[in-house]
Amino acid sequence: MSLLDIRDLAVSYGGRPAVRGISFSVEPKEVVALVGESGSGKSTTAHAIMGLLPPGGTVDGGRILLGDADLTSWSSRRMESVRGTRIGLVPQDPANSLNPVKTIGAQIGEVFRLHGRGDRRTIRRRVVELLARVGLSDPETRARQYPHELSGGMRQRVLIAIAIALEPQLIIADEPTSALDVTVQRRILDLIDDLRAEFGTAVLLVTHDLGVAAARSDRLVVMKDGLVEEEGPTSAVIADPRAGYTARLLDDAPALSAREFRTAEPGGRGPAVVVRDLVKEFRTGRRPFRAVDGVSFEVAAGTTHALVGESGSGKTTTARMVARFAEPTSGTVEIPGAGPGRLFRRHVQLVYQNPYGSLDPRQSIAEIVEEPLRNFRLGDRAARRTRVTELLERVALPRDVAGRRPRELSGGQRQRVAIARALAAGPEVLVLDEAVSALDVTVQAQILDLLERLQRDLGLTYLFISHDLAVVRQISHTISVMNEGRIVESGTTRQVFTDPCHPYTRELLAAIPEPVR
Amino acid sequence: MARYLLRRTAQAAFVLWAAFTVAYVLLQLLPGDSILIKFQNPELGLSPRQIQEIRAYYGGDVSPLESYATTLLGFLRGGFGYSIDTGTPVVERLAEALPATAVLAGSGFLLAVLIAVVIAFAAGHSRTSWIRGALLAVPSLFVSVPVFWLGILLIQVFSFRLGLVPVIGGSALQQLVLPVLTLAVPIAAPIAQVLARSIDRVQAQAFVPVVAAKGASRWWILWRHVARNAALPALTVAGVTFGELIAGSVVTETVFGRNGIGRLTEQAVNAQDTPVMLAVVVLAAAVFVLVNFAVDVLFPVLDPRLRAVTG
């Protein structure tokens, strides 16, 4: 008998179907990866299994069998006895998944208290044991600390400790590492693997990252639009995808595609950005903190230079100084051809990570794209309108989006709008800060293609900030790897990827989840 | 922490001084004169010269700046001067009135918080949308009820119609019930509104499903996890509404014929008893400053994330 058997499960939100009759099973001790893009219904499926659908969500049909019990027929009171004991959850977002006003120890101990396991002393002992088991140093201290005193990776370890506390038969890991740096991601996934081997727990791994799924699962279930597109042993699906959609996902996943490296054609236009000994210090408490510590690099005109690093490496601070949103403590940024003051923005533009937050929700798309033209008084009304149409065309958006509002657009479309806006004033340098990190792989691939085409057509220079080495490998000509405010390695993309010199670069590269293919 | 407390104390002192000065200036600008009101009564048969002498006795003829300095110094030494109306020290009149008002305002505030918590948590726990909607409409109703009208209405219904609470006589507790209720209702409203919204916001946070995944019931989540997170904004509002208690007690004490600071204020205003009014204003400001100081100190206790910032 399967541990978990889903049969014809259908879930909807206020009448709008999200999952439309899916079936799959999880055997004991097995890792099944539920893969799909946003809106595919994978997270809804995970929530339905735990009986934790958000308000408005209802199970319309089908059965969720845990052993021989049908959970869909259970009352919420009865579900409470299953949660934590037989099914554990490792959530998506470690930053916000712990109660900020309770200690780590109290939040782990709560699982035991809720299910009446052990007295105060036993619980305290078990909490410290668990913290040690998930690889946290000095567990006694950790138990007394609050979530904000721990890093993202440490918090995810705490959440894993909570999930395994009562040794459940099944752990649902909902995008467990999406919010983490690659090196941390690898350690967390290793930890889940270890614990699975030790406790014999089955894992349902919900992820958008095909690389992670391929590297860590026994079986793959690929979802799209609330339906299962393909299901089978991981190695077989990766080697020979039967569904067209799976094949496309595999192609688009930057970690998996074996594209050619981009090489800069010697254009002889000279450098478009020259950064020398850049330093940025922040005052926090008594001693200043050096976020950027002597960074130097050059970007040849018409090429893409990537700044790669994990959170806290100083890459975004560097980007902000290049785009003149922050003043360097010392050092210089030279951008030949850029004017002084506000004119600088005609030459250098920034595209942000979050396509949801960077567009004014009250403006129409045409107004958003037109705004830089109005600010710089470029052309009269008719000329501006023509320019907006031309820009929308350039970023391959349908003509009719002009009158719509940002919320009516998908994430990928919004990022195209943000790019069109950045291009409006005719800049020569674009600073792209994690510009594709929030997007699904297929959309990500499309935006990367768009960026490449725009660079070719308009001769743009990109400074591309990213934590994602696989994306960087695809888009950039040259790379600087940053760690703790310094550049530890730089060179052409080929050099850095095929012959890394610095141990940190090697660690980063090894952490990219790469399946055997 | 020591530096933080020092800074806050300096701020509090400044606020008190500012309240004193503004009140002083405004009271000086008032047309009319308490001495004239009291002694110009023809029945007393005082000559203008005698009145002039009385004025001099009360210090009414010194320069405004000098008089300001004297009064401020007096306040700093804890002497609030003498009531012009009764001739007794202002401190005595305040001391007489304060206990009754402290009991009234204290119980009124506690009841208001209780009402707010009950409404907000019931709304937060309820899954039936019409019950929720009805509960959330209650604070808007409360806030639109004028205190004097509510007081009279309560006396009508509970004392005259139902005869539950005697209007005159009765134990101290019986005398307290209706005024406390009158005072609590309008103050409960903003606290309930902010708390309910705050609970909604916290319940949408990512850690809530994680607690549910441990096997916690809705009530457990609401009470043990959401409550403390949601308390902070409500606490701020509670501190601010404390000021309304003082205004509310003026009306409530008048309607219910209770002695207290509110009644004293009303009498002082009628008699243009400047020293008493000034003392009441400074007292109210002091209470307000103290309560909000307590709220600020409580913040880091409730939320560990704020501890590092204040240290």
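Below, each value reflects all heavy atoms present in this structure, side chains not excepted, and no hydrogens, waters or symmetry copies. Order of the sequence lines fixes the chain letters, A, B, ..., with proteins taken first and strands second; residue numbering starts at 1 for each chain.
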Student: If you define the side chain from C-beta out and look only at heavy atoms, does anything of B:V194 sit under 4.5 Å from B:L235?
Tutor: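 Counting from C-beta outward, B:V194 and B:L235 never come under 4.5 Å.
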
Student: Quick one, A:R144 with A:E140, criterion salt bridge (charged side-chain N to carboxylate O under 4.0 Å, His left out). Give me CA distance, side-chain angles, the key distance, then yes/no.
Tutor: CA-CA 7 Å; A:R144 282 194 301 272; A:E140 275 97 2; over 6 Å; no

Student: Side chain, backbone, both or neither: which part of A:L98 has an atom under 4.5 Å from a heavy atom of chain B?
Tutor: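 The backbone, not the side chain.
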
Student: Could you look at A:Q92 and say if it's the side chain, the backbone, both or neither that has a heavy atom under 4.5 Å from chain B?
Tutor: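 Neither part.
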
Student: Between A:E149, A:K102, A:M50, which shows the greatest number of heavy-atom pairs under 4.5 Å with chain B?
Tutor: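 Result: the option with the highest number of such pairs is A:K102.
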
Student: Can you say whether A:L159 sits under 4.5 Å from chain B via the side chain, the backbone, both, or neither, judging by heavy atoms?
Tutor: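 The side chain, not the backbone.
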
Student: Considering heavy atoms only, which positions within residues 100-117 of chain B lie below 4.5 Å of chain A?
Tutor: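 From residues 100-117 of chain B, none sit under 4.5 Å of chain A.
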
Student: If you define the side chain from C-beta out and look only at heavy atoms, does anything of A:F112 sit under 4.5 Å from A:T122?
Tutor: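 They are not in side-chain contact.
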
Student: Salt-bridged, A:E129 to A:R126, with N to O below 4.0 Å?
Tutor: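 Looking at A:E129 and A:R126, the cut-off is met.
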
Student: Under a 3.5 Å threshold, yes or no: a donor from one side chain and an acceptor from the other, between B:H225 and B:Q203?
Tutor: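 The answer is no; no qualifying pair exists.
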
Student: State whether a side-chain donor-acceptor pair under 3.5 Å links A:Y13 with A:T44.
Tutor: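 On atom types as modelled, these side chains qualify, holding a pair under 3.5 Å.
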
Student: Is it the backbone or the side chain of A:P100 that comes under 4.5 Å from a heavy atom of chain B, or both, or neither?
Tutor: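 Its backbone and side chain both get close to chain B.
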
Student: In sequence, state the C-alpha distance, the side-chain angles, and the governing distance for A:Q156 and A:S97, and then conclude on side chain to side chain contact (heavy atoms under 4.5 Å, CB included).
Tutor: CA-CA 9 Å; A:Q156 195 58 295; A:S97 290; over 6 Å; no

Student: Is any side-chain heavy atom of B:F288 closer than 4.5 Å to one of B:L283?
Tutor: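 Counting from C-beta outward, B:L283 and B:F288 never come under 4.5 Å.
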
